[in-house]
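If you read the sequence from its start, that first residue is 1, and numbering goes on from there.
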Amino acid sequence: MNAYEMKIKEYMSLHHIQAEHLVLEQSCHSVQEAAIAVQGSAEQFVKNICMIDEQNRFIVAIVKGEDRASTTRVGKALEIVKPRLANETEVLERTGYPAGGVPSFGFDALFLIDPKVTEQDVVYTGGGSPHSLIKLAVTELLRASGGEVVRVRK
């Protein structure tokens, strides 16, 4: 287990987050890779799309694996100018995790959860590294992230 995976596991323990942390042999950087790794369906995965607004606030749009986040919808939801996508360096600096392994909670950000995510009972999200995942109930995802449910998918 690497330092990023340890960090999110410690966070989950400290904040009593009811979830399963999975470290896998193969990469789960993409939804397709992750679905194969856990013999699950792409339906069960969420992506964390990281953005930055004009006030330098860090925003995470959580969408289902097959969906794409819309910067325009995020801007409308927050009543701000459309934010820009964060680059890989900014993602690591702001979340503490590398792109491809970012969890849906555990760092300072404004979390926006697309309503389609809440149609699932259980989802997989980034587990701290491109080789790990977190499996948790959507109710727990909502609690852990403190996120607002609002349409952010394209």
Side-chain angles (χ1 to χ4, degrees), residues 4-5 7-22 28-32 34-35 38 40-130 132-154:
Y4 298 119
E5 293 160 358
K7 181 176 164 182
I8 193 64
K9 272 189 77 95
E10 285 169 11
Y11 181 92
M12 287 164 49
S13 172
L14 199 64
H15 293 87
H16 310 290
I17 294 168
Q18 300 302 305
E20 190 181 349
H21 188 263
L22 310 163
C28 349
H29 190 278
S30 74
V31 170
Q32 289 73 21
V38 297
S41 92
E43 289 266 298
Q44 298 171 288
F45 290 83
V46 297
K47 293 189 294 202
N48 304 299
I49 309 303
C50 302
M51 305 174 189
I52 298 173
D53 74 4
E54 284 189 319
Q55 280 99 50
N56 202 31
R57 286 185 305 179
F58 198 71
I59 302 160
V60 178
I62 303 174
V63 295
K64 285 187 62 188
E66 69 271 17
D67 290 332
R68 295 185 56 209
S70 162
T71 52
T72 303
R73 284 192 190 276
V74 168
K76 283 191 178 128
L78 297 174
E79 297 176 359
I80 59 170
V81 173
K82 181 170 93 165
R84 65 175 178 80
L85 293 174
N87 65 39
E88 287 196 10
T89 305
E90 290 168 326
V91 168
L92 182 58
E93 285 171 357
R94 301 290 286 268
T95 68
Y97 300 97
V102 175
S104 297
F105 56 86
F107 52 90
D108 189 29
L110 194 55
F111 294 93
L112 301 176
I113 301 155
D114 191 79
K116 270 179 79 180
V117 171
T118 65
E119 293 168 7
Q120 299 295 310
D121 293 328
V122 173
V123 292
Y124 292 88
T125 183
S129 80
S132 59
L133 295 167
I134 293 169
K135 179 182 183 182
L136 75 170
V138 168
T139 51
E140 191 66 0
L141 170 71
L142 293 167
R143 185 184 77 79
S145 67
E148 182 185 346
V149 177
V150 60
R151 178 155 178 189
V152 290
R153 73 183 180 279
K154 283 201 159 123

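Judged by distance alone, the side chain of D114 and the main-chain N or O of V152 form a donor-acceptor pair under 3.5 Å. Within the 3.5 Å criterion, the main-chain N or O of A144 finds no donor-acceptor partner in the side chain of H15. Under the 3.5 Å distance criterion, the side-chain polar atoms of S13 are left unmatched by any main-chain donor or acceptor of K9.
By the 4.5 Å heavy-atom criterion applied to side chains, E88 and P98 are not counted as neighbours. Counting heavy atoms from C-beta outward, I49 and V60 have side chains that stay 4.5 Å or more apart. With contacts defined as side-chain heavy-atom distances shorter than 4.5 Å, the pair I8/I134 qualifies.
Other residues, nucleotides and ligands contribute over 12 non-hydrogen atoms within 6.0 Å of the NZ atom of K7.
When all heavy atoms are compared, the tightest approach of G127 to H21 is O-NE2, 2.8 Å. Considering all non-hydrogen atoms of both residues, T118 and P115 come closest at OG1-O, 2.6 Å. Of all non-hydrogen atoms in V138 and V117, the two that sit nearest each other are CG2-O, 3.6 Å. Shortest non-hydrogen contact noted between I113 and G147 is CD1-CA, 3.8 Å. Across all non-hydrogen atoms, the minimal contact from A35 to S41 is CB-C, 4.2 Å. The two residues Q55 and D53 come nearest to each other via the heavy atoms N-OD1, 2.9 Å.
To the nearest 0.5 angstrom, Q18 atom CD is 14.0 Å from K135 atom NZ. The structure places OG1 of T139 at 8.0 Å from CG of L136, a figure rounded to the nearest 0.5 Å.
Here ring pair (Phe, Tyr, Trp, His ring centres under 6.0 Å) pairs that include residues 87-121, with residues two or more places apart or in two chains, are F107-F111.
The side chain to side chain contact (heavy atoms under 4.5 Å, CB included) test applied to T89 returns N87, E93, not counting sequence neighbours. In terms of the ring pair (Phe, Tyr, Trp, His ring centres under 6.0 Å) criterion, F58 has no residue partners (sequence neighbours excluded). Scored by the salt bridge (Lys or Arg N to Asp or Glu O under 4.0 Å) test, E43 finds K64 as partners (sequence neighbours excluded). Judged as a side chain to side chain contact (heavy atoms under 4.5 Å, CB included), and not counting sequence neighbours, the contacts of N56 are I52, R94. Checked against salt bridge (Lys or Arg N to Asp or Glu O under 4.0 Å), E140 has the following partners two or more places apart in sequence or in another chain: R143. For R151, there are no salt bridge (Lys or Arg N to Asp or Glu O under 4.0 Å) partners two or more places apart in sequence or in a different chain. Residues satisfying the side-chain hydrogen bond (donor to acceptor under 3.5 Å, both in side chains) test with K116, not counting sequence neighbours, are D67. S104 pairs by the side-chain hydrogen bond (donor to acceptor under 3.5 Å, both in side chains) definition with N48, T125, not counting sequence neighbours. Residues passing the salt bridge (Lys or Arg N to Asp or Glu O under 4.0 Å) test with R84 are E90, sequence neighbours excluded. Partners of F45 according to the ring pair (Phe, Tyr, Trp, His ring centres under 6.0 Å) rule, which considers only residues two or more places apart in sequence or in another chain, are Y124.
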Mind listing the side-chain donor-acceptor pairs of residues 70-82 below 3.5 Å, one per line with the distance, residues two or more places apart or on another chain?
residue : atom : partner : partner atom : Å
S70     : OG   : T72     : N            : 3.3
S70     : OG   : R73     : N            : 3.0
R73     : NE   : R153    : O            : 2.8

side-chain contact (heavy atoms from CB on, under 4.5 Å) between R68 and V63: does it pass, once the steps are laid out?
CA-CA 7 Å; R68 295 185 56 209; V63 295; over 6 Å; no

Check the pair L92, Y4 against side-chain contact (heavy atoms from CB on, under 4.5 Å), reporting the backbone distance first and the verdict last.
CA-CA 11 Å; L92 182 58; Y4 298 119; 3.7 Å; yes

